[in-house]
Visitor: 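Handing you a structure now.
The chains referred to below are lettered A, B, ... by the order of the sequence lines, with proteins before strands, and numbering in each begins at 1. The figures that follow rest on heavy atoms only: side chains count, while hydrogens, waters and symmetry mates do not.
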2 protein chains.
Amino acid sequence: MKTRDRILDTSLRLFNEEGEAHATTLDIAGELDISPGNLYYHFKGKDQIIAELFEQFQLALTQTLNAPVEQPLHEHKGHLEDNWYYLYVVLEELYQYRFLYHNLDDLMRRYPTLVRGFRRILAAKRAALKAIISSLFEHSQTTLSKVQMDALVENMTLQLTYWLSYDRLLHDQSDAQRCIHQGVLQLMTMIAPYLGEEQMDFYRECEFIFDGMMDASEQ
Amino acid sequence: MKTRDRILDTSLRLFNEEGEAHATTLDIAGELDISPGNLYYHFKGKDQIIAELFEQFQLALTQTLNAPVEQPLHEHKGHLEDNWYYLYVVLEELYQYRFLYHNLDDLMRRYPTLVRGFRRILAAKRAALKAIISSLFEHSQTTLSKVQMDALVENMTLQLTYWLSYDRLLHDQSDAQRCIHQGVLQLMTMIAPYLGEEQMDFYRECEFIFDGMMDASEQ
DNA sequence: GTCTATACTGTGATAGAC
DNA sequence: GTCTATCACAGTATAGAC
């Protein structure tokens, strides 16, 4: 594996584990057993490392987020299960680059270039969630005012943006599995009241499974 | 006004405006036209300033958050309007110390003492929201599973924690009025599906007012 | 490509005069 | 209480040898 890529990988890991602000170029070089000078041969500076990591992130995520908008052939359109797994995938991708959201304010101040990117991602999230909700609502008699629909989408977008940070605030030792599972459940709870009976059956099932998971992990 | 208090005030303002990490002791001293040495006469360091600001914040907020739990005499118990204004007050208090949440991760890493405090506040938020929801649900035929109820409370707690940061991500020039108003609307949207007809009338009214407000501010 | 050594910068913090 | 120095340190970045 090329040094350049190893630097990116290690940076990502350290940023996630120790926070971007706290992980210095020296730490990264040290972790890799290379000299700081070597690191600066491959990257102009920390800025560039962050920028490239963000690029990776944005590329992977927008691709995923565009899927439901482009209406792939859903055999069971409107079925909750598909969306459940889909959100799971999205949260997993967010989790890989979670450091980006842990200190969003500072990050955007120090690297103003990223702001546009974050906004684009936000828009993609909104679109994806809207597509999911619309698809689910086709099978229930739900009608929402435009304002209410927009507010629901906005709430879910916020949730999708900050869930990982919120979870970290609660449990400092992070268990990715639990965190992501619960994140999906939380998201689904927001649409639960609008679901049809058939869909609710699956929701309750997941609720139940998750509850069991929690009991198991508490021991 | 005593210098000590002026330091606290100015620090709070600068932290909110420029971010805690970016506002240095020199900036604060400069803004007040006093010397750095003078600042360090009054405070051992930045840590102490942060700690005292957090203390103020925690004191004010927990007091507010305890109110609905201690069941004050509500003439119109279960009426949406009271809760609407209550949430407005809570968000206003959060807004005053918004810098605390803008870089939560870094802040907790650098001042680990604060972690317990943040968790306490989280618990208080949960309790307050639970009390509000319960009171509102008495007047509708809603019944929720325990899991669903907890998830709803958790979602609202997250929303109450990160709304201000989220809003900032969207609109960089912050308009406190709009931000707080919309925050309350977003929170209410989460319980809207469970409300009774009578309560929904008020919700729609607020929706309408807010919509008008938005149109006006867009010009 | 990789290293060592070094310079530069910003920030936190202290000492001692007034 | 307030000021003027001044220190100490960590983190970023560069120069030049190998």
Visitor: Does any residue of residues 18-27 of chain A have a heavy atom under 4.0 Å from DNA chain D, and if so, which ones, in number order?
Guide: A:Thr24, A:Thr25, A:Leu26

Visitor: Which pairs, with at least one residue in residues 35-50 of chain A and sequence neighbours excluded, count as a salt bridge (Lys or Arg N to Asp or Glu O under 4.0 Å)?
Guide: A:Glu20-A:Lys46

Visitor: Specify the closest pair of heavy atoms between B:Met188 and B:Leu87, including all atoms of both residues, with the distance to one decimal.
Guide: CE-CD1, 3.7 Å

Visitor: Assess the side chains of B:Gln56 and B:Tyr97: does a donor N or O sit below 3.5 Å from an acceptor N or O?
Guide: yes

Visitor: Tell me the interatomic distance from B:Asp33, atom CG, to D:dG1, atom C1', rounded to whole angstroms.
Guide: 16 Å

Visitor: Do NZ/NE/NH1/NH2 and the carboxylate oxygens of A:Arg6 and A:Asp33 come within less than 4.0 Å?
Guide: no

Visitor: How long is the line joining CD1 of A:Ile7 and C1' of C:dT2, in whole Å?
Guide: 11 Å

Visitor: Salt bridge check, B:Arg13 against B:Asp9: does any charged N sit closer than 4.0 Å to a carboxylate O?
Guide: no

Visitor: Which whole-number value in Å describes the distance from A:Asp5 CG to C:dG1 C1'?
Guide: 15 Å

Visitor: Any idea how B:Phe99 and B:Phe15 line up, ring-wise: parallel (<30°), tilted (30 to 60°), or perpendicular (>60°)?
Guide: tilted

Visitor: Just how far, in rounded Å, is C1' of C:dT2 from NZ of A:Lys2?
Guide: 14 Å

Visitor: Can you sort out which residues in residues 34-50 of chain B have a heavy atom within less than 4.0 Å of DNA chain D? Ascending by number, please.
Guide: B:Ile34, B:Ser35, B:Gly37, B:Asn38, B:Tyr41, B:His42

Visitor: Between atom CZ in A:Arg110 and atom C1' in C:dT9, what is the gap in whole Å?
Guide: 15 Å

Visitor: Decide if the gap between the ring center of A:Tyr101 and the ring center of A:Phe118 is smaller than 6.0 angstrom.
Guide: yes

Visitor: Among side-chain atoms of A:Thr64 and A:Glu93, is any donor-acceptor pair under 3.5 angstrom?
Guide: yes

